[in-house]
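In what follows, a single structure is set out as structure tokens and then discussed.
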4 protein chains.
Amino acid sequence: MSEKIKLGILGGGGDSLIGVLHRVASSMYDKYEIIGGVFNPNWEDNLSFAQKLGLSENRIYIDFDTFIEEELKLPESERIEVVSVLTPNFLHFPMAKKLIENGFHVICEKPLTTTLAEAKILENALEKSNTIFAVTYTYTGYPMIRQMREMIQSGIIGEVHKVDVQYYQGWINPILLDKELRKTIWRLDPKKAGISSCVGDIGTHAFNMAEYLTGLEVKSVLADLNTRYEDNQLDVDGTILVRFSEYVKGVIRSSQIATGEENGLEVKIYGTKGGFNWKQENPNYLYYLTDDKPLQVLKPGHAYNGEVSLDGTKLPPGHPEGIFDSMGNIYYGVAKAIRKQAYDSGEYPTMNDGVRGMKFIEKCVESHKSGNVWLDI
Amino acid sequence: MSEKIKLGILGGGGDSLIGVLHRVASSMYDKYEIIGGVFNPNWEDNLSFAQKLGLSENRIYIDFDTFIEEELKLPESERIEVVSVLTPNFLHFPMAKKLIENGFHVICEKPLTTTLAEAKILENALEKSNTIFAVTYTYTGYPMIRQMREMIQSGIIGEVHKVDVQYYQGWINPILLDKELRKTIWRLDPKKAGISSCVGDIGTHAFNMAEYLTGLEVKSVLADLNTRYEDNQLDVDGTILVRFSEYVKGVIRSSQIATGEENGLEVKIYGTKGGFNWKQENPNYLYYLTDDKPLQVLKPGHAYNGEVSLDGTKLPPGHPEGIFDSMGNIYYGVAKAIRKQAYDSGEYPTMNDGVRGMKFIEKCVESHKSGNVWLDI
Amino acid sequence: MSEKIKLGILGGGGDSLIGVLHRVASSMYDKYEIIGGVFNPNWEDNLSFAQKLGLSENRIYIDFDTFIEEELKLPESERIEVVSVLTPNFLHFPMAKKLIENGFHVICEKPLTTTLAEAKILENALEKSNTIFAVTYTYTGYPMIRQMREMIQSGIIGEVHKVDVQYYQGWINPILLDKELRKTIWRLDPKKAGISSCVGDIGTHAFNMAEYLTGLEVKSVLADLNTRYEDNQLDVDGTILVRFSEYVKGVIRSSQIATGEENGLEVKIYGTKGGFNWKQENPNYLYYLTDDKPLQVLKPGHAYNGEVSLDGTKLPPGHPEGIFDSMGNIYYGVAKAIRKQAYDSGEYPTMNDGVRGMKFIEKCVESHKSGNVWLDI
Amino acid sequence: MSEKIKLGILGGGGDSLIGVLHRVASSMYDKYEIIGGVFNPNWEDNLSFAQKLGLSENRIYIDFDTFIEEELKLPESERIEVVSVLTPNFLHFPMAKKLIENGFHVICEKPLTTTLAEAKILENALEKSNTIFAVTYTYTGYPMIRQMREMIQSGIIGEVHKVDVQYYQGWINPILLDKELRKTIWRLDPKKAGISSCVGDIGTHAFNMAEYLTGLEVKSVLADLNTRYEDNQLDVDGTILVRFSEYVKGVIRSSQIATGEENGLEVKIYGTKGGFNWKQENPNYLYYLTDDKPLQVLKPGHAYNGEVSLDGTKLPPGHPEGIFDSMGNIYYGVAKAIRKQAYDSGEYPTMNDGVRGMKFIEKCVESHKSGNVWLDI
């Protein structure tokens, strides 16, 4: 009998990127087994997606309420233990609440809810229950973020006195330029997105990062937001002054109209003895600064890192995690070939590549031993 | 019934990094289901590892020959279709040969075999069979490598006339420094590693990359290798001059004593109309150079990339693949909490983080609307 | 008779870095000849410094008033035409004022004065005169800054809608940590430094850059400054929200306690069609971003740059301006050798280096022509 | 009487970049005064160039022989002491020889001569004389190159065992593509350029750097050069295997057809205890690698650097030497304004910029003190 934790998923079907992210993540440490869930409100789509994942049909449910009802009928040893909530934001609250109340652990996408009032109700419900609840502020999982946090905790940069977190994206710019187009996307519709676009979507990540890394709480904020156009109701850009205490200050900068920026989450934290710089787009480089020593660049997988960072690193130094993708793409190419689907000749290396590799090795050694002469291969 | 391809695995048990890499890779596109295999020569270890993966005991075999024998007894619809060979190098040949001869598809780690002669036998066997055979030169799976290959094929840099591929590591340096230690590792033992350490392990990756990207074949080589010490028999460093044709030349540089280098695979390719630079340690940045225009930096996930590159990109621009790991680490932390194991408070974001996030959003909007004033949170 | 402009200098003697900077700068385009001035309030130091520069003693003056008096006695064709004011900040105002009123052109270090009131008096004086007056906001002279400005003017990034300029240094941190030490430096003494340390010294550079590059005027500011300690009166850190218009906003971030930062002036400007990133510490790289094309990196000296940028570039692409220093250091080493002063053997390349270079070239060609064989050199 | 060394210059007139480089370099430490020379074979051009530099006409000579003859007539205290030889390569030899023989110190551009035989004659002449002779391998003057050399000498990376120096440029590519064009440039004409284009021009810099930094001598070479086209006689690309001793090896890679590369001189040196990476295009960053510590990045001007490096650094950390250029461009703009020539409004900051700066400072402090409120400026 598998020791893996039984995982259910709500949402994330079809082409959902967040679905891919959660499924791959759940497989990484061999700790979870996906059992079932509700991937799609449409039953046909739901079923065919479950089939694609190779799941048993009897654990796929027509809707969330049925999911709860039927799972509770199962003996505890068979029942789904934890549920990932990947549905649209407004569904986080009712789903998370019912899951908690019925004793399921929850992994909930951010934002937790659409209002603070809902969030407090949820917090209250959790206190009465006995379940584990996680909100996926994904960026806190990076090994070098965890390393930075541990180093700050250890006092290596002394007392933190300045925090600057940026989250700049540009993707809303082309949409916002078109007066008709900007009326049509849910992110800018207060009914669907709540009271904020930019702060709600990404400013909140920056805020979470500031508190996660420093271990300090933001005490007060002064915000200057920008809707860019009079007919646009939600902020697409904003600078927020923050205070941790009278003499410990910071700034959170977020934008969805930083044209051309991709996913520019950047952290700068300074203390009395040192500082740190980190950029999400190159997450394996942690820059540690001091007043008088050379700049140091810490990278994952080295013994100089702390336990939590190393525990979250699966590969040796110099292997960016993209190598999982790289290998994944080769498996994908092989799958196409096995299933006799069309594929490009470059999608996986063949026997011929293997043979040429062996030829190369042997001829190199022979060339060298012959006194560095040219040999055909 | 699942549409997934049935995957068997030979080797890769215990703490094997290559095992993790292949398992995660196989999960990425929802195309494979791991069915069974032989993870470890020790039966107890084999079984407990299989249990950790949640596999059914009856598809775990005591050895490779039993694997073949028993799987062939199963009806084709249930039988393992493709086998990943992750065993020590000298086992690649006998295993791959028997798998091919019995109609299994094969995904074989590199190097293909330990001698060219074996590789040719394998090639011959494959020709007579009807199976798919892949050698995992992993680095060819990176989206920007595939993009570079497609752009070179398209003629955008004209005729290729200069190829420079580097693969510098430093990990053998501390071992090599110690006269006793260097006698003990298999990489430097000709009986276990074959005729080459550095060229065999990493030079061959550089060679494969050169041919993969350019679509050209190396015609001849002139090698200068270095064993560094008289009592060390295998090369730990080497520069190899290569010729594609009389006027198209290149160099392959590989080292295991480039002290402090991690996994420095770097590619520089120049043609009559342009050139490319790429570094494995920052795999998402493809530098495209011309005589007279600004340097261009291509990144994954953008519409300007070709089909094969986009097909191998699962995330939007600006999200390095490390984000899978980042999310994976959060799932890992939640798993510890659910299983009541010890964990650090920073291993996953909690309800409290979610509530504070909502508070932050609401207070920012309120501060802004009140004329940019300070508000407590 | 030299066509060069006759330049006088006030201050900048001894070990003054700002003195070196202005002297080297004045030599760069062969447009100025340093004639004389007042380098130092101490007459002996003044004279010996002038001698070091090889200046004629009769154009070195005992003080500023004598400078004016004596120069005015000279016929116009011999008289100093322009004066660089490199004295402490509080002297800028009286000196600049008298220079303007007596018809001298002025190149004045920043800040212009110590109060706005003084600045306005100066502005008034200038209007009545016929002289050229420059304030050395040095960073506006970088070729890629001028290129960015020209591209923004041309409309290539559309309407500017977001401006973010950072100027982070850490040098005051170690001083500030020590309660006694921080009382002793002039930068933190309101009597000497005026009303601001951080904004006055570097925030103002960031502000100037924002207006220079965009061609827009900041209409209003909201500042949050930090003195860090109760007993410290002047700001050492500050975030300033700025508005160019109702929907065009920005932020200026400056700090002298960003521990470990050296001279981190960084610019991010975004418009409806594109954006720019630039960092002073790597001033030759201008990053041009758009919604849908690869990131472009513009560098100095290329024909794709505009006229003003090219006019300010003296070297071919790929030659950072540090090469002037590099060559300068070799000249410095040779000077030591000629003057029989002690020097390190690495301070200039000798005849032997030249001979070995020729040997290398000839043996390389011979090795190649002999079929790529080893030759001794 | 000036203490400066009297400097004469041969060549470098008109638009010569090398002339600018030597003149600015000679001014940097206030050690030299340019007295005269022969800037141009054409007398009119020679004279007008000298006038532009503000030199006295009686020290400008019609040709090199007259230069020697006339200078020798002057009393030693007035005579030019050192001569910079910036003429075409084939003139280096006869000029340098005669200068040495007549007791002048020499600063000679590289390559020293056009043949090894000439170089040896020169070496011989120097031994009999009492003069200082420098060959301007410019790149050895960079502060971080000097720092690297000192650290290698100190043994910090242990015994050097691997040296890899690259010098890749692409500028010859567009010329080489055109069959007619490539016949016309002197670099590819054996009569003018000697026996090598690429090795002679830039490979030799890489070679010099390898020996300069390591303190080791290359004992033998094996070269593979490329002329790219049959009708082209001189190498435009080449890889050269080098040996310092039996187990200490290296590679020098140089190219003029690395399309799109600007001035890619890059150094990688590895020893038993550590390694270094450095790139000329970002000369202020020295990367120091070890087996087990975080990567360290050393930069100029810090107290952790050695004496020779600090002696060659004129600016505080974080100020790239480009700032000399930046200030130089502002002086250039002011010169245009003073001389009533046309200039762009962005060429120097005006009184108005100074006044706005003061306004910015005062309003920021006022906004902060008023409780962080908006103020107009």
Side-chain angles (χ1 to χ4, degrees), chain C residues 2 4 24-25 27-29 31 54 112 116 119 126 132-135 137-138 141-142 195 199-200 204 207 220 222-225 262-263 283 308 312 317-318 321-322 324-332 334-335 337 344 348-349 351 354-355 357-358 360-362 364-365 367-368 372 374 376, chain D residues 2 4 24-25 27-29 31 54 112 116 119 126 132-135 137-138 141-142 195 199-200 204 207 220 222-225 262-263 283 308 312 317-318 321-322 324-332 334-335 337 344 348-349 351 354-355 357-358 360-362 364-365 367-368 372 374 376:
Chain C
S2 168
K4 288 184 171 176
V24 172
S27 82
M28 284 211 155
Y29 288 91
K31 296 293 183 199
L112 179 58
L116 177 57
L126 185 67
I132 302 295
F133 195 99
V135 184
Y137 287 110
T138 319
Y142 278 118
I195 60 170
V199 176
T204 183
F207 168 79
S220 54
L222 183 162
D224 186 29
L225 311 182
E262 300 183 342
N263 200 36
V308 178
E321 295 81 0
F324 283 117
D325 259 51
S326 194
M327 183 66 97
N329 286 336
I330 289 173
Y331 267 78
Y332 187 25
V334 172
D344 185 282
Y348 70 89
M351 172 64 77
V355 174
M358 294 313 301
F360 175 71
I361 297 167
E362 292 204 359
C364 282
V365 172
S367 165
H368 178 70
N372 319 105
W374 285 103
D376 290 349
Chain D
S2 169
K4 287 184 172 175
V24 173
S27 82
M28 284 208 156
Y29 288 91
K31 296 294 182 197
L112 178 59
L116 177 56
L126 185 67
I132 302 296
F133 195 100
V135 184
Y137 287 111
T138 318
Y142 278 117
I195 60 171
V199 177
T204 185
F207 168 80
S220 54
L222 183 162
D224 186 30
L225 311 182
E262 299 181 346
N263 200 36
V308 178
E321 296 81 359
F324 283 116
D325 261 49
S326 194
M327 184 67 97
N329 286 336
I330 289 173
Y331 266 80
Y332 188 26
V334 173
D344 185 281
Y348 69 90
M351 173 64 79
V355 173
M358 293 314 300
F360 175 70
I361 297 168
E362 292 205 0
C364 283
V365 173
S367 164
H368 178 69
N372 320 106
W374 286 103
D376 289 349

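Letters A, B, ... mirror the listed sequences (proteins, then strands); counts begin at 1.
Contact tally against chain D (heavy-atom pairs below 4.5 Å) for C:Val308, C:Leu126, C:Asn372: the top residue is C:Asn372. Between chain D and the residues C:Tyr137, C:Trp374, C:Phe360, C:Phe133, the most heavy-atom pairs under 4.5 angstrom are made by C:Trp374. For the set D:Ala119, D:Pro317, D:Pro283, the count of heavy-atom pairs under 4.5 angstrom toward chain C peaks at D:Pro317. Among D:Gly328, D:Pro349, D:Ala335, D:Ala25, the residue making the largest number of heavy-atom pairs under 4.5 Å with chain C is D:Pro349. For the set D:Glu262, D:Glu321, D:Met28, D:Lys31, the count of heavy-atom pairs under 4.5 angstrom toward chain C peaks at D:Glu262. Note on C:Asp376, C:Val334, C:Asp325: by heavy-atom pairs under 4.5 Å with chain D, the leading option is C:Asp325. Put simply, of D:Ile195, D:Asn329, D:Asp344, the one with the most heavy-atom pairs under 4.5 Å next to chain C is D:Asn329.
When heavy atoms are compared at a cutoff of 4.5 Å, D:Leu225 approaches chain C by way of both its backbone and its side chain.
Between the side chain of D:Ser27 and the main chain of C:Val24, no donor-acceptor pair closer than 3.5 Å is present. Distance alone, capped at 3.5 Å, places no donor-acceptor pair between the D:Thr138 side chain and the C:Met327 backbone.
Listed here is the closest heavy atom pair of C:Gly357 and D:Phe207: N-CE2, 4.1 Å. Looking at every heavy atom in both residues, C:Ala223 comes nearest to D:Ser367 through N-OG, 2.7 Å.
Looking at C:Val365 and D:Val199, their side chains never come closer than 4.5 Å, going by heavy atoms from C-beta outward.
The salt bridge (charged side-chain N to carboxylate O under 4.0 Å, His left out) test applied to D:Glu362 returns no partner, not counting sequence neighbours.
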